[in-house]
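Some notes on the structure that comes next.
The basis for the numbers below is simple: all heavy atoms, side chains too, and nothing from hydrogens, waters or symmetry mates.
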Amino acid sequence: MKYWLFKSEENEYPITQLKKDKTEFWDGVRNYQARNFMWKEMEKGDRALFYHSNAKIPGIVGVAEVYKEAAPDPTQFIKKSKYYDPKSSTEKPRWYAVELKYRKTFQEKISLETLKTMSALKESRLLMKGNRLSVMPIQKAEFKAILKKAGLSATELKKELG
DNA sequence: GCCAACGTTGGC
DNA sequence: GCCAACGTTGGC
């Protein structure tokens, strides 16, 4: 079981939408590192923190899981799509994405400001300067510390940790 | 809306 | 393979 963090712009695709949709194919990622995490490393059942970026108060708002392992992102083939990539082909797709499944919304958002105060996250990739990755790995201990901060009960914590 | 910090592209 | 120009991300 691996742990991840997915960023989503709050005004584009908030967690409330994922909750409604239940599952969502995470298309539109056009960064090789982020793609490789999804394509090469993610497995069904992996847990993911859901982060709202470009929000008034950016922060982690809940938990999702990898529901389906990576498949070619169809938007790369659609000329009219803003995610269209003329250098990609169906024979050799360039972009892959996983499907996420909603799990849980925190009672309260854990703001970026709060995250910065957590000693468990001192080494975290999320807080590293200039980090712009929209999909990134999270250490199990970091994931756990965040769930604790979110006020999950021992039972819930165990369930979300998997 | 600004801008720092990247990542990508393409000419050479 | 270098690097300038350009595009994007995301906090503020």
Side-chain angles (χ1 to χ4, degrees), chain A residues 2-21 23-42 46-66 70-100 102-139 141-143 145-151:
Chain A
K2 292 203 185 87
Y3 302 91
W4 308 95
L5 180 137
F6 282 71
K7 288 184 193 168
S8 188
E9 293 193 31
E10 190 172 35
N11 55 2
E12 293 278 328
Y13 195 84
I15 195 162
T16 46
Q17 190 61 45
L18 180 64
K19 188 176 183 178
K20 272 186 217 152
D21 293 341
T23 66
E24 173 74 3
F25 184 70
W26 211 251
D27 60 16
V29 172
R30 293 294 178 268
N31 171 287
Y32 288 104
Q33 246 187 306
R35 177 204 67 178
N36 288 344
F37 287 138
M38 289 200 285
W39 189 17
K40 314 277 189 187
E41 297 196 38
M42 284 189 197
D46 281 1
R47 300 295 201 259
L49 296 167
F50 201 91
Y51 180 95
H52 281 174
S53 64
N54 271 324
K56 203 166 175 191
I57 301 170
I60 297 170
V61 290
V63 184
E65 73 175 69
V66 175
D73 177 349
T75 61
Q76 68 195 307
F77 310 125
I78 302 168
K79 276 212 170 105
K80 275 190 272 179
S81 168
K82 66 171 175 173
Y83 299 125
Y84 176 64
D85 185 348
K87 288 181 182 165
S88 188
S89 66
T90 46
E91 296 77 35
K92 228 184 161 192
R94 184 182 273 204
W95 304 108
Y96 284 75
V98 296
E99 188 168 336
L100 286 184
Y102 174 82
R103 284 190 66 85
K104 174 177 222 38
T105 304
F106 294 156
Q107 297 278 343
E108 240 181 283
K109 172 193 289 178
I110 307 177
S111 68
L112 179 59
E113 202 184 350
T114 302
L115 293 170
K116 284 176 180 166
T117 67
M118 293 172 61
S119 56
L121 299 182
K122 269 210 184 90
E123 309 285 316
S124 175
R125 191 163 193 154
L126 175 64
L127 300 179
M128 287 217 276
K129 196 177 173 183
N131 174 33
R132 299 178 350 188
L133 269 183
S134 63
V135 176
M136 72 184 81
I138 293 283
Q139 301 297 317
E142 296 170 350
F143 191 88
I146 289 164
L147 294 186
K148 267 195 179 162
K149 196 80 181 174

Strictly under 3.5 Å: I want the nitrogen or oxygen pairs between protein and nucleotides 2-8 of chain B, one per line.
from, atom 1, to, atom 2, distance (Å)
B/dA5, OP1, A/Lys129, NZ, 3.1
B/dA5, N1, A/Arg132, NH1, 3.4
B/dA5, N3, A/Arg132, NH1, 2.8
B/dC6, OP1, A/Lys129, O, 3.3
B/dC6, OP1, A/Gly130, O, 3.4
B/dC6, O2, A/Arg132, NH1, 2.2
B/dC6, O2, A/Arg132, NH2, 2.9

A/Lys7 side chain N/O closer than 4.0 Å to the phosphate oxygens (OP1, OP2) of C/dG10?
yes
Check A/Leu115 against A/Tyr51 and note the closest heavy-atom contact, atom names and distance.
CD1-CE1, 4.4 Å
Atom pair distance, as rounded to whole Å: CG in A/Asp85 and P in B/dT9
8 Å
Just wondering, more than 12 heavy atoms not from A/Glu41 lying within 6.0 Å of its CD?
yes
In chain order, what residues pass the side chain to side chain donor-acceptor pair (under 3.5 Å) check against A/Gln17, with sequence neighbours excluded?
A/Asp21
Whole angstrom is fine here: how far is it from CG in A/Leu112 over to C1' in C/dC12?
11 Å
Return the value, rounded to whole Å, for the distance between atom CE of A/Met136 and atom P of C/dT9.
13 Å
Of A/Asn54 and A/Lys87, the one whose closest nucleotide on DNA chain B sits nearer the 5' end is A/Asn54
Taking all heavy atoms of A/Leu5 and all of A/Lys7, pick out the closest pair and write down the distance.
CD2-CG, 3.9 Å
Ring centroids only, cut at 6.0 angstrom: are A/Trp95 and A/Tyr32 within range, meaning strictly under it?
yes
When you measure from the side-chain N and O atoms of A/Lys56 to the phosphate of C/dG10, is any distance below 4.0 Å, counting only OP1 and OP2?
no
Interatomic distance where CD belongs to A/Glu10 and C1' belongs to C/dG10 [whole Å]
13 Å
Return the value, rounded to whole Å, for the distance between atom OH of A/Tyr51 and atom P of C/dT9.
14 Å
Can you name the closest pair of heavy atoms from A/Ala145 and A/Ala120 and give their distance?
CB-CB, 3.6 Å
